[in-house]
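Report on the structure given below.
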Amino acid sequence: MQSLAREVERRTQRLAEASVSELYDDPFWFARYGEDRARRFGGEDAVFHVRYLVQALEAKDAGVMERYARWLQGLLVPRGMCSRHLAAHFQGLYAALVREGLTQPPEALEYVRAAELALEWPEGPARTVHLALPRLVPQTLGELASREGPLTRGQEIRLGDELLLQLSYLIDSLGAQRPGLFVEHVRWYAGFWPRRDLRCSYRGLLEALEAALARDVSLSELPRVTVATGLTALEKEQS
């Protein structure tokens, strides 16, 4: 394990750079934080991810990465990111380790995956919405299609990915017990939405999501009410 830790440490910069190489294909990052700031902090964070992985390997403890992931979540979610974004960072590091051939022994990959899984909220409404995702995404897309006409397979894939992002923001706001985080996100994202170049309006997507949440009897009222509050804020912004 120590030899793996040293090899990961030796390649810190290369792994960090590779882990975020595709991140900025998403225009969200530069729009939300500015290109210079996004690249600077994204690069610094990527290096920290690798350094914590080295610590976990030295300690032979996946918990080092799990605790780090949850700490990052608490730090960055209130600053405009969501857990899906953080997971993408860890997925990028996982892919970089594979490309570098650092797959055996498997602990480096296992510890990075553990960090990603640690981002899942363990209880409460956030957990129930997370568990409902396999139902909520197709139900929301079905609601959207019933309102705006049939979707092509390509449109379903792109809208499904976008919906998972919005749901990640919702889940984080529920997990942090700060519904206002979702409302703040909606206010900002409405101006960014046209750059997604998707078939429906942002309002239309959120209205379809609200309807799907209302129909799911396994969920409490809080997720739906949180989305409804975001829609109200959006209406005020646009009036």
Side-chain angles (χ1 to χ4, degrees), residues 20-35 37-39 42 76-77 79-89 91-92 95 116 119 126 129-130 132-174 179-216 219 223-239:
V20 295
S21 61
E22 298 179 5
L23 195 69
Y24 307 119
D25 291 343
D26 185 347
F28 166 85
W29 297 103
F30 296 166
R32 188 70 175 86
Y33 302 106
E35 181 173 355
R37 188 163 177 257
R39 288 190 183 278
L76 296 178
V77 161
R79 300 184 181 183
M81 292 177 63
C82 68
S83 292
R84 188 169 174 82
H85 289 138
L86 297 174
H89 273 265
Q91 291 161 6
E116 181 183 348
L119 297 169
V129 173
H130 172 79
L133 288 177
R135 300 189 305 275
L136 283 172
V137 172
Q139 287 171 355
T140 302
L141 292 178
E143 181 69 29
L144 196 61
S146 71
R147 297 175 181 213
E148 304 199 14
L151 302 172
T152 67
R153 181 57 182 156
Q155 289 170 338
E156 285 184 350
I157 291 172
R158 291 190 65 209
L159 284 166
D161 286 343
E162 183 61 41
L163 185 56
L164 285 169
L165 183 70
Q166 303 305 315
L167 281 161
S168 183
Y169 276 101
L170 174 62
I171 289 169
D172 284 339
S173 72
L174 296 170
L181 289 176
F182 184 75
V183 176
E184 292 170 12
H185 159 70
V186 167
R187 287 195 180 108
W188 181 85
Y189 208 83
F192 173 72
W193 179 260
R195 297 189 60 180
R196 288 298 191 204
D197 193 26
L198 292 166
R199 169 175 167 172
C200 67
S201 67
Y202 188 41
R203 172 180 291 280
L205 185 71
L206 293 181
E207 287 175 343
L209 174 58
E210 183 190 9
L213 290 166
R215 286 201 306 272
D216 195 315
L219 302 176
R224 185 200 65 77
V225 169
T226 303
V227 173
T229 303
L231 280 164
T232 299
L234 185 60
E235 183 177 354
K236 290 180 180 177
E237 289 281 318
Q238 296 177 344
S239 62

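For the numbers below, each heavy atom of this structure counts, side chains included, while hydrogens, waters and symmetry mates do not.
Using a 4.5 Å heavy-atom threshold, the side chains of R37 and F30 count as separate. Under the 4.5 Å side-chain criterion, counting only non-hydrogen atoms from C-beta, L213 is not in contact with T226. Side-chain contact between E156 and L159 is absent, with no heavy atoms from C-beta onward closer than 4.5 Å. Proximity of L163 to L144: side-chain heavy atoms (C-beta onward) are nowhere separated by under 4.5 Å. Side-chain contact between C200 and W193 is present, with heavy atoms from C-beta onward closer than 4.5 Å. Counting heavy atoms from C-beta outward, P223 and L174 have side chains that approach closer than 4.5 Å. In this structure, the side chains of L219 and L136 come closer than 4.5 Å at one or more pairs of heavy atoms.
Applying the 6.0 Å contact sphere to CD of E22 captures no more than 12 heavy atoms from other residues, nucleotides or ligands.
In this structure Y33 satisfies the ring pair (Phe, Tyr, Trp, His ring centres under 6.0 Å) test with no other residue, sequence neighbours excluded. R32 meets the side-chain contact (heavy atoms from CB on, under 4.5 Å) test with F28, W188; sequence neighbours excluded.
The pair R187-E184 does not count as a salt bridge, with every side-chain nitrogen at least 4.0 angstrom from each carboxylate oxygen. With respect to the salt-bridge test (charged N to carboxylate O, under 4.0 angstrom), the residues R196 and D161 do not qualify. Ion pairing between a basic and an acidic side chain is recognised when a charged N comes within 4.0 Å of a carboxylate O; E162 and R158 show no such pairing.
The main-chain N or O of T152 is found under 3.5 Å from a side-chain atom of Q155 such that the two form a donor-acceptor pair. The backbone N or O of G80 sits less than 3.5 Å from a side-chain atom of Y169, completing a donor-acceptor pair. At distances below 3.5 Å, not a single donor-acceptor pair connects side-chain atoms of D172 with backbone N or O atoms of C82. The backbone N or O of R84 sits less than 3.5 Å from a side-chain atom of S168, completing a donor-acceptor pair.
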**OP:** Could you go through the side chain to side chain contact (heavy atoms under 4.5 Å, CB included) check for H85 and L165 one step at a time?
**Re:** CA-CA 8 Å; H85 289 138; L165 183 70; 3.5 Å; yes
**OP:** Tell me, with the steps shown, if L234 and Y189 meet side chain to side chain contact (heavy atoms under 4.5 Å, CB included).
**Re:** CA-CA 10 Å; L234 185 60; Y189 208 83; over 6 Å; no
**OP:** Take T232 and K236 through the side chain to side chain contact (heavy atoms under 4.5 Å, CB included) test and state the conclusion after the steps.
**Re:** CA-CA 6 Å; T232 299; K236 290 180 180 177; 4.0 Å; yes
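The nearest pair of heavy atoms linking A228 to E210 is CB-OE2, 3.4 Å. Pairing each heavy atom of L119 with each of A87, the nearest pair is CD1-N, 3.6 Å. Taking each heavy atom of A132 and D216 in turn, the nearest pair found is CB-OD2, 4.1 Å. In plain terms, the two heavy atoms of A212 and T140 that are nearest each other are CB-OG1, 3.3 Å. Contact detail for L23 and A88: the closest heavy-atom pair is CD1-CB, 4.5 Å. Closest approach of A233 to V183, counting heavy atoms only: CB-CG1, 3.6 Å.
Defined by atom type and a distance below 3.5 Å, a donor-acceptor pair is missing between the side-chain atoms of H89 and E116. For the residue pair Y202 and Q166, a side-chain donor N or O sits within less than 3.5 Å of a side-chain acceptor on the partner.
Going from atom CD1 of I157 over to atom CG of L151 covers 11.5 Å, rounded to the nearest 0.5 Å. The line from CG of L205 to CD of E143 is 11.5 Å long, rounded to the nearest 0.5 Å. In this structure, CZ in R224 is found 11.0 Å from CG in L209, a value given to the nearest 0.5 Å. Expressed to the nearest 0.5 Å, how far CG of L170 lies from CG of L181 amounts to 11.0 Å.
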